[in-house]
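The structure appears below as C-alpha cells.
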There are 2 protein chains.
Amino acid sequence: MNRKTSSANEINKLKFHCEMDVAMHYVGGKWKTVVLWYLIEDKKRFNEIKKLIPNITEKMLSIQLKSLEEDGIIKKEVFNVKPPLKVEYSLTDFGKTLIPLLQYLVTWGGFVVKEKSHSIHTKQ
Amino acid sequence: MNRKTSSANEINKLKFHCEMDVAMHYVGGKWKTVVLWYLIEDKKRFNEIKKLIPNITEKMLSIQLKSLEEDGIIKKEVFNVKPPLKVEYSLTDFGKTLIPLLQYLVTWGGFVVKEKSHSIHTKQ
DNA sequence: CAGCATCCTTTATGATACTG
DNA sequence: CAGTATCATAAAGGATGCTG
C-alpha cells in the first residue's frame with residue numbers, strides 16, 4: 001500500500017492530505033461513529049437516537065445528523081408536515097460501506113475494555 | 001452484536017459511554033491515524049514523521065506522539081543523551097492490533113476519493 | 001416531535017520562536 | 001535532532017430556553 005501521499009485530494013472544495021484525512025472527515029469527532037452504529041440496525045427517529053445515546057445533547061445530535069446527511073452517509077425522511085413531526089434517519093448505500101469499519105471499531109473498543117480491565121496492558 | 005451499551009466503561013480514570021467511545025479515544029482527532037499509518041511500515045524518527053506529514057506542526061506531532069505513547073499504542077526509544085538526539089518511535093504489540101483498522105480506514109478513504117472524483121455520489 | 005437560537009466553556013489546532 | 005514555550009485562533013461540545 002502506498003504511503004507516499006504527497007498529492008492532495010479534493011472532495012467538495014475540501015482539501016485532504018491523504019486517504020486517512022478523507023476517512024476521518026466522515027467518521028471523526030466524538031459522536032458520528034456512535035450515531036452511525038445505532039443506524040446500522042434500522043432507521044431511527046431523532047428521539048430514538050437521543051435515548052440510545054443518553055449523554056448527547058439535542059444540539060450535538062442535530063449537528064451530527066446534518067453533517068452526516070450533507071456527506072451523503074445518511075438520509076432523512078420527513079413523513080408529515082404538521083407537528084408532531086415524524087422524521088426518520090437511515091444509512092444510504094454509501095453510508096453502508098462504513099459498516100465493516102464501524103464493526104471493527106466496536107470490536108476493537110470492546111477488546112481494549114477487556115484488556116485494560118484485566119490490567120494486561122501497562123505503559124511501555 | 002450488542003448495541004445496548006447503557007453501562008459505562010472505565011479505563012485509566014476515563015469514562016466511556018460505549019465501545020465506540022473507547023476506540024475513538026485512541027484513534028480520534030486529526031493526526032493520530034495518519035501518524036500511526038506511517039509507523040506500520042517501520043519505526044521512525046521525529047523528523048522522519050514530520051517530513052512524511054508536511055502540514056503537521058512540530059507541536060502537534062509532539063502532542064500526538066506523547067498521547068499515543070501514554071496510551072500504550074507506540075513506544076519511544078532514546079538512543080543518546082547528548083544532542084543531536086536519536087529517538088525512534090514504533091508500534092507496541094497493543095498498537096499493532098490497530099493495523100487492520102488503519103488499513104480499512106485508508107482503503108475506505110481511497111474508495112471515497114475515487115467515488116467522489118467521478119461524481120458517482122450525490123447528496124440525497 | 002424534532003428540532004433551532006443563544007450563550008458559554010473546553011479542546012484542538014496552529015504559527016512562531018527558542019532550547020538541551 | 002528532537003523537541004518545548006508562548007500566544008493565538010478555530011472547532012467542538014454543552015446548558016438552557018424556545019418554536020413550527
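Just so it is clear, the structure is predicted and the values come from calculations on it, not from any experiment. We use all heavy atoms of the structure for the numbers below, so side chains are in, but hydrogens, waters and symmetry mates are not.
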Check every strand shown and say whether [X] touches a base, only sugar-phosphate, or nothing at a heavy-atom separation below 4.0 Å.
| X | answer |
| --- | --- |
| Phe79(A) | nothing |
| Gln64(B) | sugar-phosphate |
| Lys30(A) | sugar-phosphate |
| Lys66(A) | sugar-phosphate |

For this session: Assign a letter to each nucleotide of nucleotides 15-20 of chain C from its 5' end: B, base within under 4.0 Å of a protein heavy atom; S, sugar-phosphate only; -, no contact.
Result: B-B--B
So does [X] get a side-chain nitrogen or oxygen closer than 4.0 Å to the phosphate oxygens (OP1/OP2) of [N]?
| X | N | answer |
| --- | --- | --- |
| Ser62(B) | dG3(D) | no |
| Lys76(B) | dG3(D) | yes |
| Tyr89(A) | dG3(C) | yes |
| Arg45(B) | dA2(D) | yes |

How many Å lie between [atom1] on [X] and [atom2] on [N], as a whole number?
| X | N | atom1 | atom2 | value |
| --- | --- | --- | --- | --- |
| Met60(A) | dC4(C) | CE | P | 13 Å |
| Glu88(A) | dC1(C) | CD | C1' | 13 Å |
| Ile56(A) | dA2(C) | CD1 | P | 15 Å |
| Asn80(B) | dG3(D) | CG | C1' | 14 Å |
| Leu65(A) | dA12(D) | CG | P | 16 Å |
| Lys86(B) | dA2(D) | NZ | P | 9 Å |
| Ile63(B) | dA2(D) | CD1 | P | 18 Å |
| Leu61(B) | dA12(C) | CG | P | 16 Å |

Exercise. So which nucleotide from dT13(C), dG3(C), dG3(D) ends up closest to the side chain of Trp31(B)?
Worked result: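 Selected nucleotide: dT13(C).
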For this session: Flag the pair Phe94(A) / Trp108(B) as yes when their ring centroid distance falls below 6.0 Å, and as no otherwise.
Result: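 Here the rings of Trp108(B) and Phe94(A) have centres that are less than 6.0 Å from each other.
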Exercise. Residues two or more places apart in sequence or in another chain: which of them pass side chain to side chain donor-acceptor pair (under 3.5 Å) with Ser62(A)?
Worked result: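 Ser62(A): no side chain to side chain donor-acceptor pair (under 3.5 Å) contacts found.
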Exercise. By side chain to side chain donor-acceptor pair (under 3.5 Å), which residues pair with Trp31(A), not counting sequence neighbours?
Worked result: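 In terms of side chain to side chain donor-acceptor pair (under 3.5 Å), with neighbours along the sequence ignored, Trp31(A) is linked to no residue.
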Could you pull out all residues at least two apart from [X] that satisfy side chain to side chain contact (heavy atoms under 4.5 Å, CB included)?
| X | answer |
| --- | --- |
| Val78(B) | Lys76(B), Val87(B) |
| Glu48(A) | Lys44(A), Arg45(A) |
| Lys50(A) | Asn47(A), Ile56(A), Glu58(A), Leu61(A) |

Exercise. Hey, does Asp71(A) have a side-chain heavy atom less than 4.5 Å from the side chain of His25(A)?
Worked result: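 A side-chain contact exists here, since the closest heavy-atom pair is under 4.5 Å.
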Exercise. Does any non-hydrogen side-chain atom of Leu39(A) lie less than 4.5 Å from one of Lys43(A)?
Worked result: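 A side-chain contact under 4.5 Å is absent here.
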Problem set entry | Position toward the 5' end of DNA chain D (nearest nucleotide), Glu48(B) or Gly29(A) |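 It is Glu48(B) whose nearest nucleotide is closer to the 5' end.
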